There are 2 protein chains.
Amino acid sequence: MEKISVLIADDHKLIRETWSFVLNNDPRFSVIAECADAYEAIEQAKVTKPNIVLMDINMPSMTGFEAAEKIRKVSPSSRIIGISIHSQPAYAKKMLQIGAKGYVTKNSSKKEMIEAILTVHAGGKYICEEIKNNISELVLEENKDLPNINALTEREIQIINLIKDGQSSKEIAAQLDISLKTVEVHRHNILKKLKLKNSASLVNFINSAATNL
Amino acid sequence: MEKISVLIADDHKLIRETWSFVLNNDPRFSVIAECADAYEAIEQAKVTKPNIVLMDINMPSMTGFEAAEKIRKVSPSSRIIGISIHSQPAYAKKMLQIGAKGYVTKNSSKKEMIEAILTVHAGGKYICEEIKNNISELVLEENKDLPNINALTEREIQIINLIKDGQSSKEIAAQLDISLKTVEVHRHNILKKLKLKNSASLVNFINSAATNL
DNA sequence: TCTTCAATAGATATAAATACTTAGTCATTT
DNA sequence: AAATGACTAAGTATTTATATCTATTGAAGA
């Protein structure tokens, strides 16, 4: 019987290697690629056409959502399982809507992860227990859509990172050599797009939402 | 030959279990305890007296620094290796000063982790390559001490968490039923203690510094 | 008892952020 | 050619945050 080929995408080498070890020690699986970021994962998926893509959706430089969409295009036969620290059902839902077949949080067990791979490879869908336990929240929040982080422009992302560093609008303006007013407009647009109240909640969202910029 | 007994402390079950699997598959090691938080780790260390404690220093409810100190007291024979996503040498230095014998980032390889365990168990010290590469920074920042997060009071921590949620001082005051002025004083003291400039940098520090509150 | 410190809260200022509106330029797309 | 969207920037107004300084209370410790 053919082994299930797996591509692992996680920005932490230690995590990639331990997972690789675990799966390669199971005769049912074969890890054919380890990737440190989303771009590499897309490239490798294109070349190796893995059965399963295990993707940490908190990688730098691209959101897991974007990456999942692109992997589906370059390798439609690959089935994607999102791995995340986030137990909010809304993120799982979003991931599944984009085309992932599974969603597992880092609070899940190793057994669940293996089960997820087998189920998804067999054509099914898999959501870990932790998310299922929060599922009522998902139903209740049916129409409460996630802030669309992809709507942010390059300039806005650049400014968010300066805000994170604790820089004031005045300092940001000086650094980017633009008007203070412009910076204020950017900040306002950012908060509006992400439906946030102030810089503190912005930084918290950016740090912990299912994304890194 | 006696196996090296290991206690694993990490708030993510998936990480604990995969590490446990990796080490238990190596005849040189035996995982004798898996702990989800610092308090549990201290309890288990007291009971099991492991040779090695692998501790994620980003666990909720207590900093890895505090936990390491307490584990040294309840089980002086145990040698501690800190695991962290942070590659700033200052954190490694702080961890070693407290009494840990090793420090490994999540960007390290599995091989390095194994080497760290063996070296530390043999009585040596181990710092991963990534930190070593940044060592010049450590030397240059010799006297630049880390903000003392342990100096924060309960009330201050409570307020920090409300700030993270995006609440204004006015909202916080109403919620805690104290004066707006008091909240402002707390915020001021928090920024002063942590040597930060504003709420945005505060949230970023709390989210990404080697600690969770 | 004396000291220290956390928590409370006042006054007074300034600095910064946020809300809302309008508008010009430039590049891309339809 | 027209529409769209990103980036720029202005005005005006209000709300928050931050800096200092002072001061009382209560609890914990020396």
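In what follows, every chain begins at residue 1, and chains take the letters A, B, ... in the order their sequences are listed. All of these numbers come straight from a predicted model, not from anything done at the bench.
C/dA6 atom C1' lies 13 Å from atom CD1 of B/Ile157, rounded to whole Å. Across the protein-nucleic acid pair, B/Leu194 atom CG and D/dT18 atom C1' stand 15 Å apart, rounded to whole Å. For the pair A/Ile163 CD1 and C/dA16 P, the interatomic distance rounds to 14 Å; values are reported in whole Å. Spacing between atom CD of B/Gln167 and atom C1' of D/dA17 amounts to 16 Å, rounded to whole angstrom units. Between B/Leu196 atom CG and D/dA17 atom C1' there is a gap of 15 Å when expressed in whole angstrom units. Here the C1' atom of nucleotide D/dT16 and the CG atom of A/Leu202 are 16 Å apart, to the nearest Å. Atom NE2 of A/His186 is separated from atom P of D/dC7 by 6 Å (rounded to the nearest Å). B/Glu184 has its CD atom 15 Å from the P atom of D/dT15, to the nearest Å.
A close approach under 4.0 Å does not occur between any side-chain nitrogen or oxygen of B/Ser179 and OP1 or OP2 of C/dT8. A close approach under 4.0 Å does occur between a side-chain nitrogen or oxygen of A/Thr182 and OP1 or OP2 of D/dA9. Contact between the side-chain N/O atoms of A/His188 and the OP1/OP2 oxygens of C/dA19 is found at a separation under 4.0 Å. For the pair A/Thr153 and D/dG5, the criterion of a side-chain N or O lying under 4.0 Å from OP1 or OP2 is not met.
Checking A/Ser20 against A/Glu34 by side-chain atom types alone, a donor-acceptor pair falls below 3.5 Å.
Residue contacts shown for B/Asn189 are absent, as no nucleic acid heavy atom lies under 4.0 Å away.
At distances below 3.5 Å, at least one donor-acceptor pair connects side-chain atoms of B/Glu156 with backbone N or O atoms of B/Thr153. Under the 3.5 Å distance criterion, the side-chain polar atoms of A/Asn198 are matched with a main-chain donor or acceptor of B/Gly166.
If you check C/dA7, C/dA17, C/dG10 against the side chain of A/Ser199, the one that comes closest is C/dA17. Comparing D/dA9, C/dT8, D/dC7 by their nearest atom to the side chain of A/Lys181 picks out D/dA9.
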task: Just do the salt bridge (Lys or Arg N to Asp or Glu O under 4.0 Å) check on B/Glu43 and B/Lys70 with the steps written out, would you?
output: CA-CA 10 Å; B/Glu43 276 311 301; B/Lys70 294 193 174 159; over 6 Å; no
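Each of B/Val53, B/Val47, B/Leu54 was checked for a side chain to side chain contact (heavy atoms under 4.5 Å, CB included) with B/Pro50, and the lone residue meeting it is B/Val53.
Taking for each of A/Arg187 and B/Leu176 the nucleotide of DNA chain C with the nearest heavy atom, the 5'-most of the two is the partner of B/Leu176. The residue among A/Lys170 and B/Asp177 whose nearest nucleotide of DNA chain C lies closer to the 5′ end is B/Asp177. Both B/Leu191 and B/Val185 sit near DNA chain D, but only B/Leu191 has its closest nucleotide nearer the 5' end.
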